[in-house]
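Okay, so here's the structure we're looking at.
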Amino acid sequence: MIANLQDAYKSRWLAVDTETNALDPRWDPQFKCLGISIAFRNELGVMCSEYYPINHWDSNETEDTINEVRWLITTHPGLVFHNAKFDLVVLDRMGIKPTGDYLDTMLMAHWIDENLFSKELDWLGKRFLGRGKAMTPELDSVINSFGWGLVPGAFMKKYASTDAELTFDLCMKFMKKWNDEGYAGALWAREQEFLALISRMERQGIVIDTDFCKEQIDIGERTMQELLFKVGFNPSSNPQLGEYLINQMGLPVVKNTKTGRPSFDKYAMAEYEEILEQREDATAQNILAYRGWQKTVSSNYRAYLDLLCTDGRLRPNFLLHGTRTGRLSCRKPNLQQIPKSSDHPWNGGLKRAFLGSEGYRLLGFDYSNLELRLAAIYAREDALIDAFNAGFKPFDELAARLNKPRNLCKNLTYAILYGGGINRIKNLFGLDWQAAKELREEFFRVYPNLQETIQYASNLSKRRGYVSLWTERRRHFDRRDDDAHKAFNSIIQGGAAELVKSRQLAVAREIDWDTCRMILSVHDELVFESADPKWEPIIKEIMMDVNGLNPNFHKVAFPVESKIWGLAA
DNA sequence: TTTTTTTGCGCC
DNA sequence: AAACGGCGCAAAAAAA
């Protein structure tokens, strides 16, 4: 049914979907919005939808109609998108700035059940509505022959509005649970502000030193070639590694993969390296160097150049629905996994590939032991709280109490925070089952409340099917799955993400984007480019100021360390 | 041949 | 009794 635009105002919610020429709306000068679909149901429940072609090469709506649509979207009190972060940028590029509220079915699906297999429109449509996107052989062949950007407007009309229809119906489907779980108010308002901030960070992007990347690719390729020659087989091929190390050299299988095949990961290789060293055979070392270079060149240096926008900036995609715990994830490229500075020649200098804009300096701000501090508060674990407040380093403190090496204590703490059991401790430290059990008990003798709280969270998730973060956002658990042991970790990992998010917004409200821009968010670290040294103490102070967030957060401090980004910590 | 799974590895 | 949490990416191997 063709929509009368006047009717659209009578609907509380209006689904909006944009079609584009597939270029990146965040920066590409050639980007175009081809058209806009809207969908809603009228008073009789009849679906009304329409596609308005705007920038097709053949036929478009009249100026008057397009202006009506622009006005509708600008003034309608409630829009619904599927992946609003994208559509809002598209609308912004067209000079359309919605003034009403909006919802996002992708994020609704994620918040209601973060465990869903997919949050794509097509998948959700099939799962919740029994119908997916309108893909037909006819549409496929038209896209193939014309290319996406050149599909005729009249043809697009037949298909494009189904996405908006799906979005509208999904929204209605999700609405009850969305409201019941308490997301409709302040929590979603904050997320909208956060979405805008992330979008702004993405549009800003980060400057890449392309000469440095090219130079490193060159060194890497030459080095790999030499190593390949020395080794004599493909170091990335496990069967070939097995042939050499096990069959030819007669070395033992030191580790197996989950499918039972011999494993040659870097830990296993370290053992082979030790044995071969005595025989003056550098093969293991060469294999590690080869794989190190290959990983870095393909996943970092070359990926950065391939994904670089033509204005010299790299713009990753931060996903607000990327993790079950509520953290962000980051793609294309993943700038949350930039190798840290080290003396490895293949990746130890990677941060040098990132530059501030001309006149700006990159600054990183890190929370120290963020999750452990939250764990201490949640568990009311006085031993840990007191240690933090006395200024002790938590792992030194534990090392003293257990009379064990600091590094063991650190690994042990994180293993347990992550829900690890006796088996995990056994494998981690190469202990037998009994020793692992005792070590775990020793740990919990120091932190008894932690043990109780981990158990409590686990029981709660099993009984209720979810646990709540301090913001009242929920982390759901299917009672049929055996992952209740993740509950406590979710509370502190998700809680940490929510804490950072809140402070990130607070910082964003204070800084002046002309002289200070937020660039990256890496879980417990924020990266800025700043043209004025005055921002460093300001940012630090805002990040550390968490007392207003929750009545329990005053129990320990949340210190933040700042450093010039890229320089070794 | 193309698609999916496995493996390894970078980060917090 | 047993369970280490959360990601994304690329190359090789296996499956289709």
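Residue numbering restarts at 1 for every chain, and letters A, B, ... go by the order of the sequence lines. Excluded from the calculations below are hydrogen atoms, water molecules and symmetry mates; all remaining heavy atoms, backbone and side chain alike, are included.
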Task: Residue-phosphate contact under 4.0 Å: A:Asn238 side-chain N/O, B:dG8 OP1/OP2 - done: yes
TODO: Determine the Euclidean distance between corresponding P atoms of B:dC12 and C:dC4; express it in Å to zero decimal places.
DONE: 22 Å
TODO: Name the closest nucleotide to the A:Arg475 side chain, picking from B:dG10, B:dC12, C:dG6.
DONE: C:dG6
Open item on the list: Between A:Glu114 and A:Lys486, does any side-chain N to carboxylate O distance fall below 4.0 Å?
Closed with: no
Open item on the list: Taking 4.0 Å as the cut-off, does a side-chain nitrogen or oxygen of A:Thr259 come that near to OP1 or OP2 on B:dT7?
Closed with: yes
Open item on the list: Any base atoms under 4.0 Å from A:Arg331, or only sugar-phosphate, or nothing? Heavy atoms, all strands.
Closed with: sugar-phosphate
Open item on the list: Side-chain N or O of A:Lys258 versus OP1/OP2 of B:dT5: is the shortest distance under 4.0 Å?
Closed with: no
- [ ] Salt-bridge test for A:Arg315 and A:Asp24: reply yes if a basic N is under 4.0 Å from a carboxylate O, no otherwise.
- [x] no
Task: Residue A:Ser236, side-chain heavy atoms: nucleotide from C:dG6, C:dA12, B:dC12 that is nearest - done: C:dA12
Open item on the list: Less than 4.0 angstrom from a charged side-chain N to a carboxylate O is my criterion; do A:Lys437 and A:Glu441 meet it?
Closed with: yes
Open item on the list: Taking 4.0 Å as the cut-off, does a side-chain nitrogen or oxygen of A:Arg291 come that near to OP1 or OP2 on B:dC9?
Closed with: yes
TODO: Assess the pair A:Phe395 and A:Tyr414: is the distance between their ring centroids shorter than 6.0 Å?
DONE: yes
Open item on the list: Using a 4.0 Å heavy-atom cut-off, does A:Phe264 contact any base of the nucleic acid, only the sugar-phosphate backbone, or nothing at all?
Closed with: sugar-phosphate
- [ ] Could you tell me whether the phosphate oxygens of C:dG5, OP1 or OP2, come under 4.0 Å of any side-chain nitrogen or oxygen in A:His485?
- [x] yes
TODO: Could you tell me whether A:Arg302 contacts a base, only the sugar-phosphate backbone, or nothing, with contacts defined as non-hydrogen atoms closer than 4.0 Å?
DONE: nothing
Task: Contact under 4.0 Å: A:Lys486 side-chain N or O vs C:dG6 OP1/OP2 - done: yes
- [ ] Return no unless some side-chain N or O of A:Ser237 is found under 4.0 Å from OP1 or OP2 of C:dA12.
- [x] no
Task: Candidate nucleotides B:dC11, C:dA12, C:dG5, ranked by approach to the side chain of A:Asn234 - the nearest - done: C:dA12
TODO: Examine B:dG10: is either OP1 or OP2 under 4.0 Å from a nitrogen or oxygen in the side chain of A:Lys266? Give yes or no.
DONE: yes
- [ ] Using only side-chain N and O atoms of A:Thr325, determine if any of them is under 4.0 Å from OP1 or OP2 of C:dG5.
- [x] no
Task: Distance test, side-chain N/O of A:Ser263 to OP1/OP2 of B:dG8, below 4.0 Å - done: yes
Task: Minimum-distance nucleotide to A:Arg327 side chain [options: C:dA2, C:dA3, C:dG6] - done: C:dG6
TODO: Assess whether ring-ring contact (aromatic ring centres under 6.0 Å, His included) is satisfied between A:Phe528 and A:Phe365, documenting all intermediate values.
DONE: CA-CA 8 Å; A:Phe528 296 77; A:Phe365 298 77; 5.4 Å; yes
TODO: Can you check whether any acceptor in the base of C:dG5 is under 3.5 Å from a donor in the side chain of A:Gln493, or vice versa?
DONE: yes
Task: Test item: side-chain donor near acceptor, A:Asn459 and A:Arg464, under 3.5 Å - done: no
- [ ] Using a heavy-atom cut-off of under 4.0 Å over every strand shown, decide if A:Asn427 touches base, sugar-phosphate, or nothing.
- [x] nothing
Task: Touch class at under 4.0 angstrom, heavy-atom based, for A:Leu350 against every strand present - done: nothing
